[in-house]
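In what follows, chains are A, B, ... by sequence order, proteins preceding strands, each numbered from 1. All values below come from the heavy atoms of this structure, side chains included, with hydrogens, waters and symmetry mates left out.
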Protein chains: 2
Amino acid sequence: MNASQTTIQLDRIFGALADSTRRAILDRAYRGEVTVNELVAGFDLSQPTISKHLKVLERAGLISRGREAQFRPVRIEAPALAGADRWLGAYRRLWEDRLGRLDRVVEDLKQQGDA
Amino acid sequence: MNASQTTIQLDRIFGALADSTRRAILDRAYRGEVTVNELVAGFDLSQPTISKHLKVLERAGLISRGREAQFRPVRIEAPALAGADRWLGAYRRLWEDRLGRLDRVVEDLKQQGDA
DNA sequence: TGGCTATATGCTCATATGGCGATATGTGGC
DNA sequence: GCCACATATCGCCATATGAGCATATAGCCA
């Protein structure tokens, strides 16, 4: 199951997403390219701290950095997010489709039967 | 964006998913209820270590524990996974639909134009 | 060149995490 | 009540993470 992304990549992707500041940075990058200082202005964290978060996101492949003069604009990267989405997608039938709901009913009945 | 899950819950969910052992435990629980010792047998990790992983998963709401005699069977929980999926879903247009692909083309052109 | 601005890196600190072995707790069966 | 088995918790270690301040690097512009 989920052979398309390496284990370590998924570790990094989910690890990067496990922090609200980094998720907020992604939200911001989703709306368009953004510079480090713009992020610093928006987050009430020091510039080095933001840079460190960006490094985590970059290492996970969730963002890439451009180079425009002395700016290093942050751009969101779809493939890593798509990888996480693909991993989660394998479980989607648990809550999404008719078959999944039916499974849950069966599970619940089994639970109650055992109790 | 993504108001349905609290920040801390998402921190825990993604944090729990950021470990390959825990993802493998979920894979296993997805195929049906499983006991701690069954997991220990399958993972080449000590029983306390597995229990600790289970605690992380439980705290994130990704599993729940039953009680059948002296067993505490592990059951996968859809809502937390669905929460993570919903969060990721907000970005899905980046890689999935026609509009997303068009956006990417525009972005790329803009990039090249700026370079 | 020199100075200004944007960003990165080094250091330190406090806390979190993953692993282990040893041991405690809980539950069913004799 | 006691034993055996399943699971949880404790204490410990090594390493990782997030934060800050101070400082270094890098690119523009005068």
Side-chain angles (χ1 to χ4, degrees), chain A residues 7-26 28-29 32-76 111 114-115, chain B residues 7-26 28-29 32-76 111 114-115:
Chain A
T7 288
I8 292 185
Q9 281 174 325
L10 276 177
D11 285 359
R12 288 183 184 153
I13 291 167
F14 284 124
L17 295 180
D19 180 284
S20 65
T21 298
R22 288 191 293 260
R23 289 196 305 277
I25 289 174
L26 284 178
R28 179 64 189 77
E33 289 197 359
V34 59
T35 68
V36 178
N37 270 351
E38 285 170 340
L39 290 170
V40 171
F43 281 100
D44 197 45
L45 287 175
S46 74
Q47 175 265 313
T49 298
I50 293 291
S51 280
K52 211 186 265 188
H53 281 305
L54 291 175
K55 202 168 203 174
V56 173
L57 287 165
E58 190 173 20
R59 195 171 153 78
L62 287 162
I63 60 165
S64 64
R65 320 293 309 274
R67 198 176 272 280
E68 288 173 26
Q70 67 269 59
F71 302 89
R72 306 288 318 276
V74 172
R75 214 175 323 139
I76 196 166
Q111 273 314 106
D114 292 347
Chain B
T7 289
I8 291 186
Q9 280 173 325
L10 277 177
D11 285 0
R12 288 183 183 152
I13 291 168
F14 284 124
L17 295 180
D19 180 283
S20 65
T21 298
R22 287 192 292 261
R23 288 196 305 276
I25 289 174
L26 284 179
R28 179 66 188 75
E33 290 196 357
V34 60
T35 69
V36 178
N37 270 351
E38 285 171 340
L39 290 170
V40 170
F43 281 101
D44 197 48
L45 286 174
S46 73
Q47 175 265 312
T49 299
I50 294 291
S51 281
K52 208 186 262 187
H53 281 305
L54 291 176
K55 202 166 203 175
V56 172
L57 288 166
E58 191 173 18
R59 196 171 151 78
L62 287 162
I63 61 166
S64 63
R65 319 293 308 273
R67 198 177 273 280
E68 288 174 24
Q70 67 270 58
F71 302 90
R72 306 287 319 277
V74 172
R75 215 176 323 137
I76 196 166
Q111 271 316 106
D114 291 349

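An OP1 or OP2 oxygen of dA6(D) is reached within less than 4.0 angstrom by no side-chain nitrogen or oxygen of R72(B). Residue R22(A) has a polar side-chain atom (N or O) positioned under 4.0 Å from OP1 or OP2 of dG18(D). Dashed line: the shortest gap from a side-chain N or O of N37(A) to OP1 or OP2 of dT7(C) is under 4.0 Å. Residue T49(A) places no side-chain N or O under 4.0 Å from the OP1 or OP2 atom of dG18(D). Between H53(B) and dT17(C), a side-chain N or O to OP1/OP2 separation shorter than 4.0 Å is absent.
Along DNA chain C, the nucleotide nearest S46(B) and the nucleotide nearest V36(A) are compared for position; the residue whose nucleotide lies closer to the 5' end is V36(A). With DNA chain D read from its 5' end, the first of the two nearest nucleotides for R67(A) and E58(B) is the one closest to E58(B).
In this structure, R67(B) and P73(B) approach most closely via the heavy-atom pair N-CD, 4.0 Å. Across all their heavy atoms, I76(B) and L26(B) have their closest contact at CD1-O, 3.8 Å.
Side-chain atoms of Q47(B) come within donor-acceptor range of the base of dA8(D), with a qualifying N/O pair under 3.5 Å.
Taking only side-chain atoms of A69(A), from C-beta outward, the nucleotide of dC10(D), dG18(D), dG27(D) with the closest atom is dG27(D).
Counting any heavy atom pair closer than 4.0 Å across all strands shown, K52(A) reaches a base atom.
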